[in-house]
*Asks:* 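Got a structure here, written out as structure tokens. Questions coming.
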Amino acid sequence: ESQKVIKTYTPRYAQYFKIHYYDQFKIVESGKKPIVDRFMVADGPLNCTSSLFKFTANTKRFIATSTTHVSFLSVLNMENRLVGFQGINYLYNSKFQGQKIQDIHYQMNAEELLSLSPDLVMAYSANLAGQKRINELRKLKIPVVFNYDFEEVHPLARAEWMIFSAVFFNQDSIMQKYFTKIESSYNDLKKQALAFKKKNVLVGDIQNGKWTTCGGESDLAILIRDAGGNLLLKSTSRETQTISLEKVLKITEKADVWLTQNTWENLVPLSKDSRYKKFTSVPAYNNTRLLNKSGFNDYWERGVSRPDLLLADISEVIHKNGSHSLTWYKELK
Amino acid sequence: MITFKNLSVGFDNKSILANLSGELKRGDLIALMGINGVGKSCFLKTISGLHPAIDGDINLNERSFTRITPAEIAKKLAVVLTDKIHADFLRVHELIALGRSPYTNFWGDFLEEDGQAVEEIVGLLNIKDLNQRLFSDLSDGQKQKVLLARALVQTPDYLFLDEPTTYLDIPSKIELMKLLKFVSREKHTGILFSTHDLSLIEKEVDQIWLIDSAGVLHKKSPDEMNRSGLLAKNFNI
Amino acid sequence: MITFKNLSVGFDNKSILANLSGELKRGDLIALMGINGVGKSCFLKTISGLHPAIDGDINLNERSFTRITPAEIAKKLAVVLTDKIHADFLRVHELIALGRSPYTNFWGDFLEEDGQAVEEIVGLLNIKDLNQRLFSDLSDGQKQKVLLARALVQTPDYLFLDEPTTYLDIPSKIELMKLLKFVSREKHTGILFSTHDLSLIEKEVDQIWLIDSAGVLHKKSPDEMNRSGLLAKNFNI
Amino acid sequence: MNTRPTIALLSFLAITILLSAILFVYGEAGFNTQDQLILWQLRFPKIMVALLAGGMLASSGLLLQVFFQNPLAGPDLLGINAGACLGVAFAIMGASFLPVEWQGIGQALMAMAGALSVFFLLAFLVQKNLSRISLIILGLLIASFTSSFISVLVNMTPSLQVKNFLVWSMGSFQGLTIEDVPYFCGLAALGIVFLALMPKKLNQFIIGENYARSMGMNVQAFKFLLILVCSFLVASVTAYCGPIGFIGIIAPHLARIFIKRSDIRLVMPAVFLVGSSLALFTELILIFTSEYSLATNSILGLIGAPVIALYLYKERRVL
Amino acid sequence: MNTRPTIALLSFLAITILLSAILFVYGEAGFNTQDQLILWQLRFPKIMVALLAGGMLASSGLLLQVFFQNPLAGPDLLGINAGACLGVAFAIMGASFLPVEWQGIGQALMAMAGALSVFFLLAFLVQKNLSRISLIILGLLIASFTSSFISVLVNMTPSLQVKNFLVWSMGSFQGLTIEDVPYFCGLAALGIVFLALMPKKLNQFIIGENYARSMGMNVQAFKFLLILVCSFLVASVTAYCGPIGFIGIIAPHLARIFIKRSDIRLVMPAVFLVGSSLALFTELILIFTSEYSLATNSILGLIGAPVIALYLYKERRVL
Ligand SMILES: Nc1ncnc2c1ncn2[C@@H]1O[C@H](COP(=O)(O)OP(=O)(O)OP(=O)(O)O)[C@@H](O)[C@H]1O
Ligand SMILES: Nc1ncnc2c1ncn2[C@@H]1O[C@H](COP(=O)(O)OP(=O)(O)OP(=O)(O)O)[C@@H](O)[C@H]1O
Ligand SMILES: [Mg+2]
Ligand SMILES: [Mg+2]
């Protein structure tokens, strides 16, 4: 630890990790203050001692707990490294289907994890209780690490976490290049969008008699803004908002596009509910084009690694240039 | 007429009393006696259809109990048991009124005759002043009277009472016996009641049915009973 | 000695009987009489400390009830009420054994003397054959005997019984009176019990306490009571 | 003394009407008596549903509390509620398991089907002449089996469907559109007819099974009917409004404490009205707390519970 | 007849020991008797916790069922469970509300604090000499207030913290490390000492408050003690294992049906052992169903409930 840092990767978008490069090893910091986890990623003998937990940089047996943790494997063509997953029927990428992947328990049973002898277990959590559990598991020689991509808001920030994941596979430099590519294509799209006329975008639908919509600072809100849209019913929160229907029916702006957040196949359910009458003329879309056979959505898998494609989808939905064929979104008819 | 033949009564398919036969006619006033635990309560519950018989037949006017609907039986039979009633906010007049429920309409509304029946019995039992009280706030004797009233307003053809004089004070006991006699004579109600109070009933009842400790049912008039010495033998008196 | 002075008893701060005074000495056998609803049960519960007095003092050996711990009182007093007991799987011997609980150790383990006390009472009440039965499966009379046994094995100095002869058959009633007399004489237990059975008790008790319908407590020996005509007047007999 | 129940009933009625009126003219959009859309498409369904659903839940709670002589009994007692939830869980989350033609079946039908299967189980037990205590324990087991089943289903389902189900299961009287209202009113009307069958019998039942039988009740048939009625009421409400537990348990206690009678013919309407008022009351609170996104059940617990507790505590002598 | 309780007790003990032994040598990693890490760091804590927590929950259920004479009573009855949950909810989700120095306070401590506040409320009510029925209803209200409070907290918290809380609230006997075990055992030991105070008094209480008083019981003090003991047991378990409801309600019924006695001195150990066995049994099932991610509570409902229901149904004569 006393050695000199050669260089540090400070993410451009992501806020909750940092990678310090040393001669023989890397030290990674991840987490949200005050709960910051420091650990070492290295292989081979070190010429120093450290109290930090040591991960291998050459992960062969990988256990993940969220679809957002595995999309980078597809980028690197390393799908075969995944040996355990929480909820394998959530996975969309067909390569995973052919593999033997153990379905692991939601509550992270230590013995089950041990029995898979993993090199890396990637989990998600966000507080002391989680950090305490990590330390317990590490004491049992289970190499667990938290991925905080969920805590990030900006779509590019989430994608940037692939660099974090790649460290454990010695692929961080490749991933940095890949990310740079995605970033520039995202920013290109964003620049193009400035030229278009702003459109009003309505997000959400009626749940239990309340309009449920995305937060005004959420990832979707950012995508809509970057795609040249003006989010209606905008709040200042990241979290999903529920708004009284009485207020929704009173809004004066006219919606140009409507992104529903449900699993409708067509407009039939909508026509059955007269409370949607105000919006029946608005073109409606949702993001359920790519579902696996259990109904799980690729949006939460590859969507995370390709924010540029997401933005392209939304741009197309909003402006209908016809320049891009939709990946995840589809129009409801 | 209620007749029972070769009746076995008991719990959980184990019979306590077997081979009981007899009949209760309208207008009869009969006391059922026997030592503690001999099976009086069980017999009364069985013959009033509240407890399944283990074996044998019970007929009401020549028709087997099993063929008559509960609603029909209810217009013919009424009972008073020793069960305690736990009901909050239950007022005495409501409880007594329930006795008329076999006769009332779908909602349980009272007609004039229902009101009269209640009025009469409440008067005879001298419990008019309890009418608005909560049943749960009565003394044991008061409760007993109210329960008797509920059974009597049911204007049954047959009445089965398990130790009806329990908790009653001396004048009430005497009154009750008079009332039972009146009901059996004037309303032609057949009454079978268990009791341990020989001196109280001796003069009033038509018959004493004695279940001896071997489980045999002896049916005799009080005089015959006394002469036979069965009572003395059975009760060691 | 239990003394009470200017005692008012009742429910919810409304007094039913007021200004009661008297005393119960060890060895006394006293019958409490009065018409239904006059307040006998309420008085018994109050004087045995189960029900709060509305006014007045109750003293046990010159010490106010309020100053004595429940555990101490329990070694001096026992009661039998008319409350029904609802307990599944409760065996008779377990229930009777509870009567010894004021004397047993932390776990409720029986010493030899506890066993003897139980043995004796069970023998006297003639309920040895019920020992292993479930309490819930007993007949009313059998239950009553078991409850009496529970109170008696508590070997109290004072015993309060609310209508203890209820449900008992004739021989058992007589036996019970003999037993109460025996206990009061031999074990110097002061016994106060309510009853409606004048003929049964007349010969046995030392005193009759009569609560008349005005709520006045008259204390006289049975002879005096008869001569005074109070009973006849009160009960219309 | 005799007028107390009448006064209580009339006040409950007045409160119910008052609350309905307020909710009709006032909402999240403020005072508004003009906008037909808001009045008839939003407020009217909400009021009707709260009114009826609250009453139905409360009445079913009353039936169960009297029948089981248990103050803890409520709509979720015998697993009827859980059965209905399971049906809805299938309907909402079934997309991933069920063949396509099944998915069209509406939520309400599925809720009914779920409740019905639990009902058949219970009816089977009743027919076996189980004691009430056996029935209550077996019902408890059915309920916990069913709710575990639901949580397993939740575990296996895509998050969006799960979210829909979770939102539904938070309970709401606002989920119905004006198009649904006639169906719901139909069910409610049938439910009220069912309820009308009960008072006389229930009155007889209060003084015990033996006496009830001696007054001409077919106890077996009565038990069957009671469970049928409760299942129907609970399933109807759950299908449209999600599982709402609190009203069913507390309204009967409240109403009885006010009315101080045991005659079910008086108590039942009072309980119904108290249930309605509680439901309407939560809707009123929802208007003022709309920025916090509270669920109906949360409001009942958070605001209803302390208020009721204080009242009961003050009135503790009569409990 | 007299040997039945002894035989039942010994069989429960045997089953408990057998299950513990199986769980010690067999786990998700298969048969394994060598790996000290797995045996002592993983399996041993899990077995100890299941053993003790199951027993503690079951015993507290017994106390409450006997006290309230209500077969539905269980650890979640009076809101003690909910109180403990609220404490943990603050501990886990508090990050966003609480000042930093508060966040360090452990989950167990917060659970205790939550349960304690509910306990004080209950103790206050006991001291006011409320009837048991008032107590049960007010307890119900406290419970629903507290759980609504939790759901509001869940509503207001970023999703990831919520996830931690939800995982915790699914219940698990595996959350403890070998370092936690001594603390938990300490609490359990204290709990068992507490439990040992109860049998004699509870036996007296069975035949009714009046008779209990006449046998020297200070009924007020007893109620206080009973609620204290239950709170302590439930809070200890909830703090470490999350809310686990089913065992507490069903184990007492099961044990009593086997043992067919009412003497708490016999029933209590039987109930404890049945609770332990149930807990160990779920751990066993968990090993075989790990790919389905079932929570402990789900397994109890999904597998435990039908098995127990079938048994009770067969034995219905004795219920
Ligand atoms: N819980 C109660 N609340 C209010 N009043 C009550 C309550 N219990 C009894 N009472 C009334 O108090 C009076 C005395 O009751 P108590 O039970 O003491 O009478 P009793 O002399 O024992 O009569 P009985 O011979 O019928 O047993 C009665 O008028 C009764 O109605
Ligand atoms: N539920 C039950 N299960 C099994 N046996 C019972 C049950 N109830 C009563 N018994 C037994 O059946 C016998 C008859 O009981 P029953 O109550 O009919 O007696 P009884 O003649 O009414 O006595 P008593 O004069 O004491 O009221 C008694 O020996 C009693 O122990
Ligand atoms: Mg009898
Ligand atoms: Mg009395």
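Being a predicted model, the structure only gives us computed values, none of them experimental. Chain A is the first sequence line, chain B the second, and so forth, proteins listed ahead of strands; every chain is numbered from 1.
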*Asks:* Go through the atoms of L138(C) and report whether side chain, backbone, both or neither lie under 4.5 Å from a heavy atom of chain B.
*Replies:* neither

*Asks:* Under the side-chain contact (heavy atoms from CB on, under 4.5 Å) criterion, do M33(C) and I170(B) qualify, and how do the steps go?
*Replies:* CA-CA 10 Å; M33(C) 300 193 74; I170(B) 304 171; 4.1 Å; yes

*Asks:* How about K84(C): does its NZ atom have over 12 heavy atoms from other parts shown lying under 6.0 Å from it?
*Replies:* yes

*Asks:* Which residue out of T82(C), I35(C), T166(C) racks up the most heavy-atom pairs below 4.5 Å with chain B?
*Replies:*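 It is T82(C).
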
*Asks:* Mind checking which of residues 36-45 of chain B sit less than 4.5 Å from chain C, heavy atom to heavy atom?
*Replies:* N36(B), G37(B), S41(B)

*Asks:* Partners of F182(B) by ring-ring contact (aromatic ring centres under 6.0 Å, His included), sequence neighbours excluded?
*Replies:*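 Testing F182(B) for ring-ring contact (aromatic ring centres under 6.0 Å, His included), a comparison that skips the adjacent residues, returns none.
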
*Asks:* Just how far is it from atom OG of S139(B) to atom CG of D162(C), taken to the nearest 0.5 Å?
*Replies:*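 Nearest 0.5 Å value for the OG-CG distance: 9.5 Å.
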
*Asks:* Quick one: which residue pairs count as a ring-ring contact (aromatic ring centres under 6.0 Å, His included) with a foot in residues 198-224 of chain C, not counting sequence neighbours?
*Replies:*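 ring-ring contact (aromatic ring centres under 6.0 Å, His included) check on residues 198-224 of chain C returns F4(C)-W209(C).
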
*Asks:* By a 4.5 Å heavy-atom criterion (distance strictly below it), what part of Y167(C) contacts chain B: side chain, backbone, both, or neither?
*Replies:*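 Contact with chain B: backbone and side chain both.
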
*Asks:* Pairs in or reaching into residues 124-141 of chain B: which pass salt bridge (charged side-chain N to carboxylate O under 4.0 Å, His left out), with residues at least two apart or in two chains?
*Replies:* E119(B)-K128(B)

*Asks:* Is it the backbone or the side chain of L200(B) that comes under 4.5 Å from a heavy atom of chain C, or both, or neither?
*Replies:*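 Contact with chain C involves no heavy atom of L200(B) at all.
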
